[in-house]
Structures are given as C-alpha cells and as structure tokens.
Amino acid sequence: MGRLDNKVAVITGAASGIGRATARRFATEGAKVVVADIARDEGGELANEVGGSYVHVDVADEASVEALYNTTAEIYGGIDVLFNNAGISPADDDSILTTGLDAWRRVQDVNLTSVYLCCRYGIPHLQKRGGGSIINTASFVAMLGSATSQISYTASKGGVLSMSRELGVQFAREGIRVNALCPGPVNTPLLQELFAKDPERAARRLVHVPMGRFAEAEEIASAVLFLASDDSSFMTASTFLVDGGIHAAYVTPL
C-alpha cells in the first residue's frame, strides 16, 4: 500500500476495462486519479468512487488532449503518471482486403495518434515535476502475427510500441520513464463485444493461450501499478508483456 502516495495520475480510457481497474488500484495505493474518458456517466461515477476527478476528453482531438493535462495541473498542481490507455477495436477493422480507409484512419487516430498527443502534451508536465512514469498500452499483437486479423489495430499497437521505446530513450536522463504495456487478451467489455459477434474467432484465440484463459482487468492493473511505481525505477523503453505466455508458445498444453 502507498506506492503512489502523493502522485497525480492521468488515465485515458479510464471508464471501463483495464483503465477502470487501474484507477481503482491506483487510488488504493494513494494516487490522486484523473479519470479521462469520453463516457461522462461512467467516468464521473468512477471518479467519485476513487475520490478523484473526471475530465471529459476526446483522445483523438488535439485541443481536447491539451486541455486534459492543463486542467489536471490546475486541479492538482502537477502530474506524475500518464497511463495512455484509450483504444478501440471496431468490427470494421478486419482483414486488409476488407478494411476501408475510413476504418483504418479511425483506429489509428484513437489508438496511436492519441498516444502521440498524450505524450506531447503530458511530458512537459512531468518535466516540471523533475520526472515521472508513462505507461502506453500496446498489445501482444504488436509482437505476433495473426490469421484472424485486425489490421489497423495491429499496426497501431506496433506504432505505440516503437514510439514508447524512442521516448523512453529520449527522456531517460530527465527522470521520465516510458514503457509499453503489452497485454494479452483481457476479459473486458471490448473483448466480450468483439467475441460475442464471432465465437469462432474467440475459440481460435483462446486455444493459443498457454494458461488456458483470458486475463482479468485487475491482473493487468497490477502490471500497470508496477510500471507506474518506483518498483520499476530502472525500467524504461521496455516491452512489458503480460499475455499468459502467448508470445513464447509454439505448442500449448493439452
């Protein structure tokens, strides 16, 4: 307990899934949490629950992202942790042969450009604090190929991974750590919605997880806490895989 005492953390995509579990975990560890999301009702409710603040943000809009960090700094006096977690995985992002340009661009805007914007406008606030931690949500799909493709999602997560490495190196001597979190499939509303539409796709993915199940959001939140806290003080520019062993599996257990 207390690993984030007196720290101010901004979590995008905080109203559900991994972001929601992380907001709760951060609060129990002493952080002042800013719930940043487009879902006003769910986000406001969560902010009240964790004793933090809700800030409405469209992560694909530059002015909205800039306002998010300025508003947070006005409320709390500074920022220490950025968890850039917002993302989408729409049904029209599929094979490269069927995914249209509009679908491609929308996923890139929300999943990749948003991380660029959050780092661009968040890092100056960490510099004012003399350091901090940034966790960017990539994915295990940034490391592997898949025959059940979500082409823009996969490409966006590869971009997050590469950008995180570069930022981690660039800002290391300023005390700003940047790491890419790469979760495996997580039992979140996003995954449930996707797989409810295509049970065969769900089955094809689950069989490749050596642990035989999808992760729970709380398990990923524990990994985010590690990266946000001083427990990971010598880690930066890293690829932090929390995927139940998928990346290492050639043949999974019976």
Side-chain angles (χ1 to χ4, degrees), residues 1-37 43 46-47 49-53 55 57 59 68-69 72-73 75-87 114-115 118-119 121-139 160-161 163-165 167-172 174-183 186 188 215-243:
M1 302 292 287
R3 281 180 281 180
L4 296 180
D5 278 348
N6 303 313
K7 302 292 187 182
V8 178
V10 180
I11 302 174
T12 62
S16 64
I18 295 170
R20 189 176 190 86
T22 302
R24 287 170 169 160
R25 189 67 186 274
F26 277 15
T28 65
E29 294 286 345
K32 299 177 180 67
V33 178
V34 172
V35 175
D37 207 291
L46 179 62
E49 176 190 328
V50 301
S53 301
V55 178
V57 65
V59 293
L68 164 64
Y69 296 110
T72 299
I75 295 171
Y76 294 110
I79 304 171
D80 303 285
V81 177
L82 311 180
F83 181 29
N84 300 323
N85 171 68
S114 72
V115 177
C118 288
C119 290
Y121 289 105
I123 285 174
H125 291 281
L126 270 59
Q127 288 175 316
K128 291 175 183 178
R129 292 286 235 205
S133 178
I134 300 174
I135 305 99
N136 294 326
T137 299
S139 172
V160 169
L161 186 60
M163 179 165 53
S164 299
R165 290 193 191 113
L167 295 175
V169 172
Q170 180 180 357
F171 293 98
E174 296 184 52
I176 297 172
R177 299 184 297 108
V178 187
N179 293 292
L181 176 72
C182 293
V186 183
T188 63
E216 295 299 327
E218 291 75 15
E219 293 177 299
I220 307 302
S222 293
V224 182
L225 172 61
F226 171 72
L227 294 173
S229 75
D230 289 339
D231 288 348
S232 59
S233 57
F234 199 57
M235 285 182 64
T236 197
S238 74
T239 302
F240 199 69
L241 280 155
V242 189
D243 67 354

Under a 3.5 Å distance rule, please check whether Arg25 uses its side chain to pair with a backbone N or O of Val224 as donor and acceptor.
no
How many angstroms lie between CG in Asp80 and CG in Leu126, if you round to the nearest 0.5 Å?
7.0 Å
About how many Å separate CZ of Phe171 and CD1 of Ile134, when rounded to the nearest 0.5 Å?
7.5 Å
Please answer whether the main-chain N or O of Asn85 pairs with a side-chain N or O of Thr12 as donor and acceptor at a distance below 3.5 Å.
yes
Could you check if a side-chain atom of Met163 sits within less than 4.5 angstrom of a side-chain atom of Asn136, using non-hydrogen atoms only?
no
Which pair of heavy atoms, one from Ser53 and one from Tyr76, lies closest together, and at what distance?
OG-OH, 2.7 Å
Nearest 0.5 Å, what's the CG-SG distance between Asn84 and Cys119?
5.0 Å
Please tell me if the side chains of Pro124 and Gln127 come closer than 4.5 Å, counting only heavy atoms from C-beta onward.
yes
d(Leu161 CG, Leu181 CG) to nearest 0.5 Å is 11.0 Å
Measuring from atom OG of Ser232 to atom CG of Leu227, what distance do you get when rounded to the nearest 0.5 angstrom?
5.0 Å
Hey, which of Arg177, Lys7, Met235 is the one that makes side-chain contact (heavy atoms from CB on, under 4.5 Å) with Ser133?
Arg177
Could you give me the CA-CA distance, side-chain angles and deciding distance for Val8 and Arg129, then say whether side chain to side chain contact (heavy atoms under 4.5 Å, CB included) is met?
CA-CA 11 Å; Val8 178; Arg129 292 286 235 205; 3.7 Å; yes
If you take all heavy atoms of Leu68 and Ala36, which pair is closest and at what distance?
CD1-CB, 3.7 Å
For Asn6, look at atom CG and say whether over 12 heavy atoms of other residues, nucleotides or ligands are found less than 6.0 Å away.
no
Main chain of Leu4, side chain of Glu29: is a donor-acceptor contact present, judged purely on distance under 3.5 Å?
no
Quick check for you: to the nearest 0.5 Å, what is the distance between Phe83 atom CZ and Thr22 atom OG1?
4.5 Å
Please name the pair of heavy atoms, one in Phe26 and one in Val33, separated by the smallest distance, quoted to 0.1 Å.
CB-CG2, 3.8 Å
Verify, without hydrogens or angle tests, whether Thr236 (side chain) and Val178 (backbone) share a donor-acceptor contact under 3.5 angstrom.
yes
Could you walk me through whether Arg165 and Thr239 pass the side chain to side chain contact (heavy atoms under 4.5 Å, CB included) test, one step at a time?
CA-CA 8 Å; Arg165 290 193 191 113; Thr239 302; 3.7 Å; yes
Scanning both residues in full, the closest heavy-atom pair of Leu46 with Ala15 reads CD2-CA, 4.4 Å
For a quick test of reading the model, state the closest non-hydrogen atom pair linking Ala23 to Val50 and the distance between them.
O-CG1, 4.0 Å
At their closest point, which heavy atom of Val35 faces which heavy atom of Ala14, and how far apart are they?
CG1-CB, 3.6 Å
